[in-house]
Amino acid sequence: MPELPEVEVIRSGLTGHVCGRTLSRVEVLHPRAVRRHRAGAEHFSAELDGRSVLDVRRRGKYLWFDLAEEPSTGGDHPGRPGSRARRAVLAHLGMSGQLLVQPRGAADERHLRVRFEFADGGPELRFVDQRTFGGLSLVDLLGTSEPPVPEPIGHIAADPLEPVFDRDGVVELVRSRRTGLKRALLDQTLVSGIGNIYADEALWRARLHWAQPTSTLSRESGRALLDAVGEVMSEALRAGGTSFDSLYVNVNGRSGYFSRSLAVYGRENEPCRRCGTAVRRDVFMKRSSYTCPRCQPLPAEPHW
């Protein structure tokens, strides 16, 4: 499943293609793609007709399109003062969702679920999803939050790349929990955007074991861990994200190459890039955790 860096790569790629453009037609080709929009596919399409896209934003693994307050009628230009976003199209990519920019008239992808056409006749935006675990919905923005976020994700915490992220505050929250370090990193109500890959990579950089009880985490180690999260995500962004197969691509259909730089994730029995010890794989929440036994020693009383 795409994590924060992959979603941010997509968000930044979309910005130059959709911001300031007005939707002329939204075609839902598979109802499951908009199953979270309870009013149904026809309502989803009708509500977006004539709406202009002001911006593309992200929090954690979610991204959304800020929409102009009213359908475009030739008045305020999208993005100028007086054109305020109150609703948004919220997108979650699931395991195989893709948002692709394609020339109008290009052959449809096999798993095309939703097509967005624009009034200027330019390139289309397409939501492609092989496994249909992802989805789109039209939602209200929470005006009580700053920055405003879609109502369905109002409960998730800020992510490490947001200006409002409070590192020291998150450290205190993590230390107050009775769980293991990796479980805390994956808890989207504490810090959003971190998944299995970047949790393992950050823990390796901070020399911490995924099973260490959060109650034993020092403030210094907690800060180092969250700094490591930010560092590894920033490096992944520069590499275009992590792609293990063709299901994660950016808006132009290209894969990221950060997988070449992974220190432990997916490298069972390969040498640690720091000390040469064979990387270990453990089962964790029906998935996997990768560690270096020497750099990240198992705590005396592991919290499984």
Side-chain angles (χ1 to χ4, degrees), residues 1-12 58-64 90-99 129-131 133-135 149 152-153 155-162 165 167 170 173-174 177 179-206 208-212 214 222 225-250 255-268 279 281-291 296:
M1 183 178 294
E3 299 181 29
L4 186 158
E6 290 75 47
V7 178
E8 175 60 18
V9 167
I10 294 168
R11 186 210 64 79
S12 61
R58 178 198 53 75
R59 169 161 285 184
K61 305 173 188 177
Y62 290 86
L63 61 81
W64 64 92
L90 178 63
H92 191 275
L93 301 179
M95 295 183 69
S96 60
Q98 301 170 346
L99 286 164
D129 192 2
Q130 177 178 326
R131 298 173 182 170
F133 291 155
V149 298
I153 64 169
H155 65 287
I156 73 171
D159 66 58
L161 300 188
E162 289 188 67
F165 182 70
R167 183 197 64 176
V170 173
L173 286 174
V174 170
R177 297 296 175 95
T179 187
L181 278 184
K182 185 169 179 178
R183 284 181 184 269
L185 288 179
L186 299 182
D187 184 343
Q188 303 297 294
T189 65
L190 292 177
V191 54
S192 66
I194 307 173
N196 214 32
I197 296 173
Y198 298 109
D200 282 357
E201 291 296 300
L203 286 162
W204 178 83
R205 291 184 181 215
L208 296 169
H209 195 280
W210 60 269
Q212 178 178 335
T214 50
L225 175 57
L226 291 178
D227 287 346
V229 169
E231 290 169 4
V232 71
M233 286 186 167
S234 295
E235 291 175 22
L237 272 174
R238 291 194 289 271
T242 301
S243 299
F244 288 111
D245 55 37
S246 61
L247 294 182
Y248 163 67
V249 293
N250 65 16
S255 298
Y257 55 89
F258 189 66
S259 57
R260 303 173 189 173
S261 302
L262 294 174
V264 286
Y265 186 85
R267 299 187 63 242
E268 183 181 10
V279 171
R281 172 187 172 274
D282 291 299
V283 177
F284 170 77
M285 295 174 62
K286 297 183 180 180
R287 291 180 286 180
S288 299
S289 272
Y290 297 91
T291 55
Q296 302 163 266

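- Inter-residue side-chain proximity for R205 and D227 is flagged as unmet; no heavy-atom pair is nearer than 4.5 Å.
- At least one donor-acceptor pair under 3.5 Å links the side chain of Q188 to the backbone N or O of G193.
- Using a 4.5 Å heavy-atom threshold, the side chains of V279 and W204 count as separate.
- For the pair Y62/I156, a side-chain contact is recorded, criterion being any heavy-atom separation below 4.5 Å from C-beta on.
- Smallest separation of non-hydrogen atoms from V174 and L181: CG1-CD2, 4.4 Å.
- Smallest separation of non-hydrogen atoms from A184 and T214: CB-CG2, 3.9 Å.
- Of all heavy-atom pairs spanning L90 and W64, the tightest one is CA-CB, 3.9 Å.
- For the pair L186/R287, a side-chain contact is recorded, criterion being any heavy-atom separation below 4.5 Å from C-beta on.
- Nearest heavy atom pair, residue E201 against residue V264, reads OE2-N, 2.9 Å.
- Counting only heavy atoms from C-beta outward, the side chains of D159 and R58 approach each other to under 4.5 Å.
- The backbone N or O of Q296 lies less than 3.5 Å from no partner atom in the side chain of T291, so there is not a single donor-acceptor pair.
- You'll find the side chain of V229 stays beyond 4.5 Å of the side chain of V191, heavy atoms only.
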